[in-house]
Every structure is written in structure tokens, then in C-alpha cells.
Amino acid sequence: MTAEKTKKRTGFKLPHLMILMLGLLIFMSLMTYIIPAGTFATRADGTLDGSSFQLLGYQTPVTPWQAMLSILSGLQNSSYVIAVLLVNGGAIGVILETKAIDRLVDYALYRLKDKGIVVLVPAVVFIMGLVGALGFGDHLVALVPVGVMLARKLRLDPLVAIGLTGLAVLMGASWSPTAIIVPWTMMGVPLFSGFAVRFCMMLLITALTSLLVTRYALKIHKDPTRSLTGNTDWLTADAGESKELAATTLRTTDILITLCFFGQYLLIVLCMSVLGMPNSVQPAIMILSCLLCGLLAGWDFDKIGNAFAAGCGGMAFICFIIGVANAMSLVMTQGNIMHTIVYYACLPLQKLGSGLAAVGISVVITLINFLIPSMSAKAAILIPIVKPMCEALSLTAQVGVQAFQIGDQFTNALTPISGFILGACTMAGVSFDKYFKFAIRVVAPLWAISLVVLYVLSSIGWTGL
């Protein structure tokens, strides 16, 4: 009976991403019949001149069939982005499959388990923040039960369990210096440029997250009735069922694989930014790095190849979606409505100055993120519009990438349609509304600080090089 009720339950649900993107493609073709065709003047360097826009006075429509035919061109035009994503997915797939990073995290948590709140809570949040910054993925929701164990041991509520793990991971990813491959490539920004600024901000945001979660933990440890769960049932719930963290032995190879994983990004930055090597060095280093990690793990080449293939497979659908998004951009360009959309979208921002304009773009993306939490989906839909907006407003592409990252990441911790967050709430045994009351107190100040930093970076014309 329960199953039948579940099947009959109705409500708004976004269509599958493939259907959504194809629907948007057709929608844009129809818009070429309605939105006035217009164009910006182009500067000598190829960028748009935001002060010189004119309507053509006639329509240049693209039929739905022509829009469908443009999918192949979209995939071909996205060949560089697709190539980078496939190699990146395959290489990271190998490194994650070795479980070296998992064992390193387990070992650190086991060693810290007997420490007090003022040591354990900030240390765990910081570790999880680093994990989120350098290797975020929905699979990290599996860390939440570890947070539940630790919270029960310290007699803290389940909100702390999410704060220790899921929320810490998301806040670490908010200024990740490595996890924005799609925006970088689609905006035409060198991969891993701006690493130093993002890395320092990631450390700051992670440290502040540690402080805010620890402050809440200490408050309810002193007075359990102040818990945002609304009760103190968690003090006795499942008291006899909590398991101890298992003793974990850390091997030398685990340390070497982890160092290799993190070190490859520093090497790529060095090669591209300091030595001036072309962007082709990035996939070469990642492939060599994953081969080395697989050999350190004691794998044969067949096992390395299988893990690499599985990692590539996980990126295949994203690559298709990016190709369709490029086709959408082609339709808007051929129909001469891209510049019209950008012009009218930029009108409220043109008199704000570069700093506030960048903040405005980020706020718009933040609002959209409540409906479309997937970064790759949002990038595919929005980057073709954000890029010319930055050109029209004289913002650097690097600032555009950061405006997108801030707008995308922070609300990932607050949107009720995020599978990651709903999974974390289910594992911790708390309702989303109670989690939201806790998370907003952590996310809001960090988001505000990030917008201030974005304002400063935009004002100085940050290029990240």
C-alpha cells in the first residue's frame, strides 16, 4: 500500500537533463522568430563593445529543424572542452578507485576520535573542506554517516553531523582551485589559472566554516535545548547502535598517491603559468599522474585501463550536454538574438561599475541555482550568455568564471532539490527545514564575504595569470 501511494505521489519535477536541454534548444529556435535581432559592435581584439548596440530591424529566424542539425556542429565546436573532460574524468577515476584518499581521511578521523570538541570538530571540518575542494563529487555524501558517529560520540545533534561532513565538503568546494574545469574551458580561461587566489580563499572559507560549526557545537554541548532540531531526542536516539570508527592503517603508498593527486595540479599550474607551456600539457600530466598512482597501488595496466575507462564513461553524458549547449549558442548567434539578450540583461548592471556588475551576475546565478543545482547543466546553459555579458561589461573572463563559481556553489548547500543535501539529511535523520535553519547561518556570512572578494577582484581587473 505504501509503495502504491509513493507511485501515485505527484508534484513538480524537472525533466531529465537531456529532454531539458533539447527543449531549450527548440525554445531558442522559436525565440529567433520573436526576439528582435540585434548586434554589438566588435572591438579590434574581438571582444564586444558594450556601448555600441543596434537592432537590425528585421528577423533572422532559425527553424527547429535547423536547430537540431546544429547539434553536430555544437559537439564539434566543443571538442576541446569534451577532450579535457574525458581525460580529467578518466584520470580522477583511477586515483579515486585506489581508495588511497579514502583511507587517509579514515586514518585522520580515527586518530582524532578521542579529542575534545574544540579540537575534533574544527579538525574534521577542515579535513572535509579540503576533500571537497580538491575532489568534490556526489559520492562524498557517503561521509555523512562518519559525521553521525562522531556527533553521537560527542553528544551533539545530527545537524553537527552534517556540518562536520556534507556542509564542510560543499563549503570547501565553493572556492575550489581545481573543480571548475567546465567554466574555465567554456569561458576560454587557461586551466588552473588563478590557483593561488582560489586556494587562499578556499583555506579561509574552510577555516571560517570550522569556526562557525564549532561555535554551534559548543553552544548545544553547553545547553542541548538550544539545538535547532527543536528537541533533545538526539541525546538518546540510537545510543546503543552507534559504531566506533574502525582502526585504519595508513600505508606509505596511500600518502604517495595522495601527494601525487594533489601535486599534479601544482605541476600543471607551474607548467602553464610559469613555464608558458600550452594547454595540451594538462591532459598529459593527468594521464601520467593516474598511471603512476595505479602502479603505486599495485595495479596492473589492465586494471588501470578499466578504471580510466569507467571514469571517462562518467563524463560522456556531460560532454553531450555541453555539445547541445554549444548548439544552443549557435542558434542564438545565427538568429542574432544572443547580443539582444545580453544587451537587455546587462542594462541594469551597466551603471553599477565593474565590481557591482560582477556581483550582480553572481547573484543572478545564485537565484537560478535554486532550480538547477547541477554545475555542468548551469554552465552549459549560462556560460554562452555570461561570456558575452562579461565582454559587454568589460569584465575579465577570469572574473566571470569566479562570479559563476560563487553563484553556483554556495546555494548547493541550501537548495531543496539537491540530491547531495537531501541524501545527507536522510542519513543524519533530520528534516530539510531544520537543516536549512542551521546551514543558512553558516552559508550566508561566507557567501557575503565571497561577494566582497569578487567585488575587489573585479575592480582590479583580475585575470588570474
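Keep in mind the model is a prediction, meaning the values are calculated, not measured. Values below: all heavy atoms of this structure, side chains included; hydrogens, waters and symmetry mates excluded.
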**OP:** Evaluate side chain to side chain contact (heavy atoms under 4.5 Å, CB included) for Met202 paired with Thr206, printing each intermediate quantity in order.
**Re:** CA-CA 6 Å; Met202 178 271 292; Thr206 303; 3.9 Å; yes
Subject >> Beyond-backbone contact of Ile95 with Ser289, side-chain heavy atoms, under 4.5 angstrom >> reply: yes
Original post:
side chain to side chain contact (heavy atoms under 4.5 Å, CB included) between Thr340 and Asn336: does it pass, once the steps are laid out?
Top reply: CA-CA 7 Å; Thr340 304; Asn336 289 295; over 6 Å; no
Original post:
Would Asp157 and Thr229 count as having a side-chain donor-acceptor pair, cut-off 3.5 Å?
Top reply: no
Original post:
So with a 6.0 Å cut-off around NZ of Lys219, is the heavy-atom count from everything else above 12?
Top reply: yes
Subject >> Any Trp175 side-chain heavy atom under 4.5 Å of Ile406 side chain >> reply: yes
Original post:
Would one find more than 12 heavy atoms of other residues, nucleotides or ligands at under 6.0 Å from atom CZ of Phe27?
Top reply: no
Original post:
Between Leu451 and Tyr455, is a side chain to side chain contact (heavy atoms under 4.5 Å, CB included) present by the stated rule, with each step listed?
Top reply: CA-CA 6 Å; Leu451 289 180; Tyr455 175 88; over 6 Å; no
Original post:
Angle class for the Phe195/Phe199 ring planes (parallel below 30°, perpendicular above 60°, tilted otherwise)?
Top reply: parallel
Original post:
With no hydrogens and no angle check, is any side-chain donor or acceptor of Ser176 less than 3.5 Å from a backbone partner on Ala173?
Top reply: no
Original post:
Can you check whether Gln402 reaches Val453 side chain to side chain, under 4.5 Å on heavy atoms?
Top reply: no
Original post:
Distance from Leu25 atom CG to Met332 atom CE, nearest 0.5 Å?
Top reply: 9.5 Å
**OP:** Enter the distance from Ile257:CD1 to Leu292:CG here, rounded to the nearest 0.5 Å.
**Re:** 8.5 Å
Original post:
Are any non-hydrogen side-chain atoms of Val148 and Leu164 less than 4.5 angstrom apart?
Top reply: no
Original post:
From Leu228 CG over to Ile440 CD1, what is the distance, rounded to the nearest 0.5 angstrom?
Top reply: 12.5 Å
Original post:
What is the minimum heavy-atom distance between Thr98 and Cys293, and which atoms define it?
Top reply: CG2-O, 4.2 Å
Original post:
Between the side chain of Thr396 and the main-chain N/O of Val399, is any donor-acceptor distance below 3.5 Å?
Top reply: yes
**OP:** Mark yes or no for whether Thr32, through its side chain, and Val62, through its backbone, hold a donor-acceptor pair below 3.5 Å.
**Re:** yes
Subject >> Thr63 side chain vs Gln66 backbone, donor-acceptor pair below 3.5 Å >> reply: yes
**OP:** Compare every heavy atom of Leu212 with every heavy atom of Pro445, then report the nearest pair and how far apart it is.
**Re:** CG-CD1, 4.1 Å
Subject >> Closest heavy-atom pair and its distance - Thr209, Ala168 >> reply: CG2-CA, 4.4 Å
Subject >> Donor-acceptor under 3.5 Å (Ser79 side chain, Gln76 main chain) >> reply: yes
**OP:** Check Leu170 against Ala413 and note the closest heavy-atom contact, atom names and distance.
**Re:** CD1-CA, 3.7 Å
Subject >> Residue pair Trp184 / Pro177: nearest heavy atoms and the distance that separates them >> reply: CH2-O, 3.0 Å
Original post:
Are any of the side-chain heavy atoms of Val456 and Trp462 separated by less than 4.5 Å?
Top reply: no
Original post:
Does any non-hydrogen side-chain atom of Gln405 lie less than 4.5 Å from one of Ser362?
Top reply: no
Original post:
Could you go step by step and tell me if Ser210 and Val121 meet the side chain to side chain contact (heavy atoms under 4.5 Å, CB included) rule?
Top reply: CA-CA 7 Å; Ser210 299; Val121 172; over 6 Å; no
Original post:
Regarding Gln398 and Ser193, is there a side-chain donor-to-acceptor distance under 3.5 Å anywhere?
Top reply: yes
Original post:
Between CG of Leu130 and CG of Leu203, what distance do you get to the nearest 0.5 Å?
Top reply: 6.5 Å
**OP:** Look at the side chain of Ser458 and the backbone N and O of Leu454, then say whether any donor-acceptor pair between them is shorter than 3.5 Å.
**Re:** no
Original post:
Which distance, rounded to the nearest 0.5 Å, do you find between the CH2 of Trp447 and the CG of Leu414?
Top reply: 10.0 Å
**OP:** State the CG-CE distance between Leu288 and Met286, to the nearest 0.5 angstrom.
**Re:** 11.0 Å
Original post:
Okay, side chain of Glu97, backbone of Ala310: is any donor-acceptor separation there less than 3.5 Å?
Top reply: no
Original post:
Minimum heavy-atom separation for Ala428 to Ile162, with atom names?
Top reply: CB-CG1, 3.6 Å
Original post:
Are Thr214 and Val125 side-chain neighbours, meaning at least one heavy-atom pair lies under 4.5 Å?
Top reply: no
Original post:
So do the side chains of Phe410 and Met171 get within less than 4.5 Å of each other, counting heavy atoms only?
Top reply: yes
